[in-house]
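Take a look at the structure set out below.
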Amino acid sequence: MEISLYVHVPFCRQKCDYCDFFSIPLNRASCVCPDEKYVRSVLNEIRFYVKKYSVSRWKTVYIGGGTPSQLGAKLLFELVSGIKSAVSDKTADEFTVEMNPEDLAEDILDSAQKAGVDRISTGIQALDQKALDSVNRHCPLQTAISSLELLQKKWKKKLSVDFIAGLPGQTYSSFKKQFETVFNFKNIDHISLYSLTLEENTPLYKKIESGKIKWSQQKTDRMWILGRKILKENGFIQYEVSNFARTGAESLHNKVYWHLENYIGCGSGACGSVYGEVSERWTNTCSIKNYENFWLDFNPESEIPESIRQVEKIDLQTQEFEWIMMGFRLLEGVCSEEFKKRFGKSLEERIGVKDGLFFEWSKKHLARSYKKDGKTFYALNERGLMLLNLFLESLL
């Protein structure tokens, strides 16, 4: 069986004020830091799923976080090598590791390349010191630029960078200027451009709610649209709501999620989803201590307790809506024939092609249908993608 793999490395140097992902700020004094125990635990969990699902090859691999580069060169090499050796076919269509700019150094890039990583994703977020300071971002501007210079010199494979539109302190001028710098680095072939989202219980949310920081949703939306325009003018094609790539550089791993394909999730706080006669999704414990204690001494004959992994069954109705929801994130949209094959139903009836929701959106020039390779696709256009949530709410 061929399947994709996501590995979560929950350690980070310091949490940014906007972040609500599961991550643990490093504290070496209290032993909250990446070590060999965590890597061994993850590899034991991976081997369990390889046996459970008879995995012979990884379709795609993505090591995310947190900050996987906090593992350092030696542990990252051990993790990547262990992932590859867990299956008989060592090839993968794509092998991505997230690395923060402040961790980038020649040894970790050499280690990643030697181990078989062929794609790096690095979170720049902004090339604007005022904006970085406003969200307690721990990577100074000059460090971010130096990391891009090092990547241009040393990294010869795929490279993706992340940016956020609408950070407090950003102006339209500073937001636009940062892309002039980015386009000097010709090896960047993928850019994720996100609108700042305020998540409850984050420090940034509380600061904005209390009035300590000024922020505008309208300005954020306009800034994102400006970013999209700049990226398109410079050869980056929007293929998903927040993702832009040069031809052939789309994220293959993310497409696994957007097409609702199988993937195994390993590591503390990781999620995985496998579909079939019995479809299930699991979420691992966010207690690193409990996670390590279980997987370090795991007995293959034992059951995984709920304290380590929460499992939910995914019924067909839920899968159907998730397939539509994720598919419409893509500019290519959803395929009628694939929907029929997977769910045994008419996609046209489900989304209202003749006289329902999709028909109305088409009349408003927010959606389109087209043929490709003999198949029928339905998609939102660039204007429609800006209103994706409204479209999906109407489909519920």
Side-chain angles (χ1 to χ4, degrees), residues 3-16 19-53 55 58 60-87 95-100 103 115 199 201 253 256-257 262-274 280-314:
I3 198 169
S4 289
L5 172 69
Y6 172 75
V7 174
H8 194 68
V9 180
F11 310 99
C12 63
R13 185 171 299 190
Q14 176 182 315
K15 282 183 79 75
C16 300
C19 180
D20 74 332
F21 291 112
F22 168 57
S23 61
I24 305 295
L26 295 180
N27 186 337
R28 297 184 187 280
S30 60
C31 299
V32 179
C33 60
D35 56 19
E36 291 182 3
K37 285 198 305 181
Y38 188 78
V39 171
R40 292 204 315 270
S41 300
V42 169
L43 291 177
N44 283 345
E45 185 186 12
I46 288 171
R47 294 183 190 110
F48 163 77
Y49 285 115
V50 166
K51 183 176 180 181
K52 176 180 175 69
Y53 294 114
V55 181
W58 302 121
T60 62
V61 179
Y62 194 103
I63 304 177
T67 311
S69 48
Q70 282 289 310
L71 289 171
K74 181 177 180 292
L75 286 179
L76 180 63
F77 183 85
E78 289 181 10
L79 177 58
V80 174
S81 299
I83 289 170
K84 293 176 79 73
S85 65
V87 292
F95 201 123
T96 304
V97 175
E98 289 182 354
M99 295 192 184
N100 270 16
D103 298 328
E199 302 290 351
N201 299 319
H253 184 82
V256 168
Y257 301 148
N262 297 329
Y263 73 96
I264 291 168
C266 294
S268 180
C271 297
S273 297
V274 174
E280 61 182 24
R281 178 172 296 135
W282 66 88
T283 304
N284 285 344
T285 176
C286 288
S287 168
I288 296 172
K289 180 180 179 180
N290 290 347
Y291 174 83
E292 289 179 344
N293 288 342
F294 178 79
W295 285 108
L296 277 174
D297 298 318
F298 175 65
N299 179 351
E301 304 303 320
S302 66
E303 295 290 326
I304 303 174
E306 289 187 5
S307 61
I308 299 300
R309 187 184 78 154
Q310 294 282 333
V311 181
E312 62 173 314
K313 302 299 181 184
I314 314 172

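Residue numbers count from 1 along this sequence.
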With a 4.5 Å limit on heavy-atom distance, are the side chains of [X] and [Y] in contact?
{"X": "Thr67", "Y": "Val9", "result": "no"}
{"X": "Trp58", "Y": "Ile3", "result": "yes"}
{"X": "Ile63", "Y": "Val80", "result": "yes"}
{"X": "Val274", "Y": "Lys52", "result": "no"}
{"X": "Val311", "Y": "Ile304", "result": "no"}
{"X": "Asn290", "Y": "Ser307", "result": "no"}

* side-chain contact (heavy atoms from CB on, under 4.5 Å) between Asn284 and Glu45, worked out -> CA-CA 11 Å; Asn284 285 344; Glu45 185 186 12; 2.8 Å; yes
* Structure fact -> So OH of Tyr263 and SG of Cys271: to nearest 0.5 Å the spacing works out to 6.0 Å
* To do: Could you walk me through whether Leu5 and Cys266 pass the side-chain contact (heavy atoms from CB on, under 4.5 Å) test, one step at a time?
  => CA-CA 8 Å; Leu5 172 69; Cys266 294; 4.1 Å; yes
* Structure fact -> salt bridge (Lys or Arg N to Asp or Glu O under 4.0 Å) filter on Glu312, not counting sequence neighbours, yields none
* Give the C-alpha distance, both sets of side-chain angles, the deciding distance and a yes or no for salt bridge (charged side-chain N to carboxylate O under 4.0 Å, His left out) between Arg309 and Glu303. => CA-CA 10 Å; Arg309 187 184 78 154; Glu303 295 290 326; over 6 Å; no
* How about Phe48 and Trp295: are their ring centres within less than 6.0 Å of each other? -> yes
* **Between Tyr38 and Phe11, ring centroids under 6.0 Å** => yes
* Asked: So Glu78 and Leu71, side-chain contact (heavy atoms from CB on, under 4.5 Å) or not? Walk me through it.
  -> CA-CA 10 Å; Glu78 289 181 10; Leu71 289 171; over 6 Å; no
* Give a yes or no on whether Tyr53 atom OH has more than 12 heavy-atom contacts from other residues, nucleotides or ligands under 6.0 Å away. => yes
* Would you please test Glu98 and Tyr62 for side-chain contact (heavy atoms from CB on, under 4.5 Å) and show each step? => CA-CA 8 Å; Glu98 289 182 354; Tyr62 194 103; 2.7 Å; yes
